[in-house]
Amino acid sequence: MPGWEIIGEEERRAVNEVFDNGAVLFRQSFAGLRNNVYKVKDFEAAFAKYLGAGYAHAVTSGTAALKVALKALKVGPGDEVITQSHTYVATVEAILECGAVPVVTDVDWTLNMDPEDLARKITPRTKAVIPVHMFGVAARMDEIMAIARKRGVAVLEDTAQACGGMYRGKPLGTIGDIGTFSFDHGKLLTTGEGGMVVTGKEALYLGARSYADHGHDDNPAFPRGEDTRSSPGFNYRMMELQGAIGLEQLKKLPGSLAKHRANKAALKQAIQAIAGQTLRFRDVPDPAGDNGDALVFFLETPERAKRVARALQQKGIGFKNLPDALNWHYAGTWDHMLGKAEWLKGRTLEEYFKQSGAILRRAIALPIFYKMDEARIAAIAQELRAALAGA
Ligand SMILES: *Cc1c(COP(=O)(O)O)cnc(C)c1O
């Protein structure tokens with residue numbers, strides 16, 4: 001699961017390199033002091049290259065990346081932006097930050113956006129759609145892209161949980177018009193706090209870069225103090241220490257992904273062996289592209305899922321948000337953000353998201369770790385067997 005498991009000497013050395021070269025912590029300027037060390041710029045270039053994306057711009061968080069990407073897409077008041085009911089609160093927060101109206105689809109058994117519901121919810125006011133690749137598994141992108149293209153709606157992929165994931169041979173985050181990543185401490189690649197916006201379109205890149213830096217055009221013809229500007233922005237700049245750590249974490253990513261995928265396959269096999277055909281696993285549109293973040297299965301009813309989860313918890317087995325942090329990852333509980341939405345038309349969120357709730361409340365998500373040996377995997381399978389028998 002998290003990049004923090006593999007933070008080590010490489011990251012420490014990279015941070016020291018910044019201090020050993022003038023201790024310039026700012027991503028730009030101070031050319032005379034920094035000995036040509038530009039960690040954030042190098043991280044952006046390496047990340048873009050890794051994904052085969054045209055452009056990447058680093059920011060302070062995955063939440064900031066979402067807002068910056070929406071600003072680059074020129075989302076504003078009066079626009080509707082569609083996302084899915086299973087995501088982190090940040091996705092909806094970013095839409096609200098732009099003054100736009102969040103519209104939320106159900107999820108299907110992929111635990112990601114239900115394309116049929118997306119088709120129903122697009123209106124002439126829809127400006128963008130944000131599919132979220134939860135737990136490293138792609139949303140049904142072929143269907144989502146076809147619907148969005150037909151209706152002329154931009155696609156922003158929230159790839160916060162799916163760094164390194166693929167869909168039909170394409171890196172997640174590079175399929176839509178623009179993609180965003182999070183590098184917070186719980187993510188597969190971490191810089192403590194941080195995020196990235198990636199796109200193949202120069203205009204979107206320039207819009208994102210400018211918005212994240214007070215509207216600076218970064219015009220090479222002028223020094224920073226005399227830089228040109230064409231629209232207002234804000235400050236979401238990443239700092240050099242994060243860039244230094246990100247570069248090292250990116251080098252470790254291929255090894256980390258391989259390990260996660262192998263550990264997930266081993267855990268799934270162990271669980272299948274003890275549970276036979278009785279467990280339903282999550283639908284994964286492209287199993288080869290799964291980044292191995294978590295293993296999800298469903299119990300027959302929400303009540304049984306609760307009992308099994310409680311039994312596992314008592315044995316020291318943790319979850320990846322489902323069910324323990326469901327309230328932070330399921331729009332059906334977000335009265336504080338969506339309770340007054342016009343589209344609810346007097347219904348409760350619980351009624352509105354009947355399909356999502358019925359699926360999410362039956363789910364148990366087991367986190368996959370880098371450091372998860374055979375004995376640990378066997379132990380989890382054994383505890384699950386006991387929990388299933390007793391609950
Ligand atoms: C983590 C996360 C974010 C927010 O990223 P931060 O870096 O924590 O701000 C956004 N969307 C999803 C799906 C996430 O999991």
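All ligand and atom numbering here is 1-based and tracks the order in the structure. Everything quoted here is computed from the prediction, not taken from an experiment.
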Report task. Give a yes/no verdict on a cation-pi contact between Arg282 and Trp109, requiring under 6.0 Å between NZ or CZ and the six-membered ring centre and an angle within 45° of the axis. Result -> no
Query raised in the report: With distance as the sole criterion, is a donor-acceptor pair present between the side chains of Asp217 and Ser230 under 3.5 Å?
Result: yes
Requested in this report: Please could you name the atoms of ligand 1 that Val132 approaches to less than 4.0 Å, counting only its heavy atoms?
Outcome: 13 (C)
Requested in this report: Under 4.0 Å, heavy atoms only, figure out whether ligand 1 is touched by the backbone of Thr63, its side chain, both or neither.
Outcome: both
Query raised in the report: Of all the atoms in ligand 1, which lie at a distance below 4.0 Å from a heavy atom belonging to Ser61?
Result: 7 (O), 9 (O)
Query raised in the report: Relative to the heavy atoms of Asp184, which atoms of ligand 1 are at a distance of less than 4.0 Å?
Result: 1 (C), 6 (P), 7 (O), 8 (O)
Report summary line: Residue, atom and distance of the protein heavy atom nearest atom 11 (N) of ligand 1 read Asp158 OD2, 2.9 Å
Query raised in the report: Just which atoms of ligand 1 are under 4.0 Å from any heavy atom in Lys187?
Result: 1 (C), 2 (C), 14 (C), 15 (O)
Query raised in the report: Which ligand 1 atoms does Thr87 reach within 4.0 Å, using its non-hydrogen atoms?
Result: 13 (C)
Query raised in the report: Roughly how far, to the nearest 0.5 Å, is the CD atom of Glu17 from the CG atom of Leu247?
Result: 9.0 Å
Report summary line: Paired with Leu360, the side-chain contact (heavy atoms from CB on, under 4.5 Å) test is passed by just one of Leu111, Thr333, Asn321, namely Leu111
Requested in this report: Would you indicate which of Ala94, Ala90, Ser182 comes nearest to atom 10 (C) of ligand 1 when only heavy atoms are counted?
Outcome: Ala90
**Report entry** Distance filter under 4.0 Å to Tyr88 heavy atoms, resulting ligand 1 atoms
**Finding:** 2 (C), 3 (C), 12 (C), 14 (C)
Query raised in the report: With distance as the sole criterion, is a donor-acceptor pair present between the side chains of Glu193 and Thr60 under 3.5 Å?
Result: no
Query - Identified side chain to side chain donor-acceptor pair (under 3.5 Å) partner of Thr91 from the options Thr83, Thr180, Asp158 - result: Asp158
Query raised in the report: Among all protein non-hydrogen atoms, which one is nearest to atom 12 (C) of ligand 1, and what is the separation to 0.1 Å?
Result: Ala160 CB, 3.4 Å
Report summary line: Between Val104 and Tyr352 the two heavy atoms that sit nearest each other are O-CE2, 3.8 Å
Query raised in the report: At a 4.0 Å threshold, what atoms of ligand 1 neighbour a non-hydrogen atom of Gly194?
Result: 7 (O)
Query raised in the report: At what distance is the nearest protein heavy atom to atom 15 (O) of ligand 1, and which residue and atom is it?
Result: Gln161 NE2, 2.9 Å
Report task. Output every pair passing salt bridge (Lys or Arg N to Asp or Glu O under 4.0 Å) with a member in residues 87-100, not counting sequence neighbours, ordered by first then second residue. Result -> Lys67-Glu97
